[in-house]
There are 2 protein chains.
Amino acid sequence: MAANSRVTIAAHALAWLELARRRGRAVLTSEEVAASVNTNPVIVRRSLGDLQRAGLVTARRGNGAGFALGRPAAEITLLDVWLAVSPEPLLALHHSEPNLECPVGRGIRPVLTDVYDEATGAFRATLARTTVNDVLERILT
Amino acid sequence: MAANSRVTIAAHALAWLELARRRGRAVLTSEEVAASVNTNPVIVRRSLGDLQRAGLVTARRGNGAGFALGRPAAEITLLDVWLAVSPEPLLALHHSEPNLECPVGRGIRPVLTDVYDEATGAFRATLARTTVNDVLERILT
DNA sequence: CCAAAAGCAACCATTGCTGTTACATTCGAC
DNA sequence: GTCGAATGTAACAGCAATGGTTGCTTTTGG
């Protein structure tokens, strides 16, 4: 499969929300966000729905409604975003259980799980060092 | 889709090749490997074909043929395996180009590319610290 | 009450992975 | 040189995930 682009879409939306907020518009509709990301408003609503469940944005319905940042952009890391939209592991174990008659088949899964967890941890730690505010600052300079 | 399991299958195959080698059988057929991994021999041939292209295993065709490790198990890291079978990035950018009229749409891609590259580098560095020999040792203890 | 916008369900098309069958190719053994 | 065993590889089916689209329901401010 192609790697998914949800983190990208979510980070884009958040950076755009923060820029709009600085310009005096704290609330944007899914259509306005979609116009910047260049996708369908439903995709944006799905993505921001994930972020809302994680508390990263707030959504208001009804007339004049839209999405706003749930907390300061400097307090939202890309790890927060990744956790909100990408719960799948980076590497998968066997689809079907390996042959337990074989020593390797019997013992390999916990070993690989450990290694994969460690690598995923390093990946996450890096994402945790960049905030949405950092992303926007780097865009604007 | 779920993350792919090719690294797992390849690592399993390599550990099994190393264990067989220690037991005096340096060459295994795809069918023998498939019996341990519990999959189809064609899957194994495809996977080991990738490893062969990277020099991690050797393949001999013809009668009495099969696969053998291309270099000592202690000199094959899981990063080597990952590079041989998983060229896809862990996170993708936008599918369709963002709106270049928007400052965020114009500038976000290189920023995210940098962050993703850094995180992927941390992921790779962790994989590079574990060898096939390490995996087998941890299985056997 | 009305209109605007989120929420949500039901699709479709595409893609990638696994698994399977079938066949061509290679190469050692005899 | 032939035979047989095994790799190499193409083609296809099934399945799941993703992005995209449409349409409808729900909410809510004015």
Selected nucleotide, minimal atom distance to [X] side chain, candidates [options]:
| X | options | answer |
| --- | --- | --- |
| B:Asn4 | C:dC17, D:dG20, C:dA6 | C:dC17 |
| B:Asn63 | C:dG7, D:dG4, D:dG8 | D:dG4 |
| A:Val42 | C:dT18, D:dT22, D:dT7 | D:dT22 |
| B:Thr39 | C:dG19, C:dA29, D:dT26 | C:dG19 |
| B:Ser96 | D:dG20, D:dG29, C:dA5 | D:dG20 |

When rounded to the nearest 0.5 Å, the distance separating CD1 of B:Ile9 from CG of B:Leu48 is 10.0 Å

- Item | Spacing of B:Thr39 atom OG1 and A:Asn99 atom CG [to the nearest 0.5 Å] |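 Spacing of OG1 (B:Thr39) from CG (A:Asn99) equals 12.5 Å.
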
ask   = Any Lys/Arg nitrogen of B:Asp50 or B:Arg45 sitting under 4.0 Å from an Asp/Glu carboxylate oxygen of the other?
value = no

Regarding B:Gly49, tell me which of base, sugar-phosphate or nothing describes its non-hydrogen contacts under 4.0 Å with the strands shown.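 The answer is nothing, as B:Gly49 stays clear of every strand by at least 4.0 Å.
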
Practice prompt. Under 4.0 Å between any heavy atoms, over every strand shown, what does B:Arg46 touch: base, sugar-phosphate, or nothing? Just pick one.
Written response: base

Between CZ of A:Arg61 and P of D:dT25 the distance, given in whole Å, is 14 Å

Contact check, residues 11-38 of chain B vs DNA chain D, heavy-atom distance under 4.0 Å, returns B:Thr29, B:Ser30

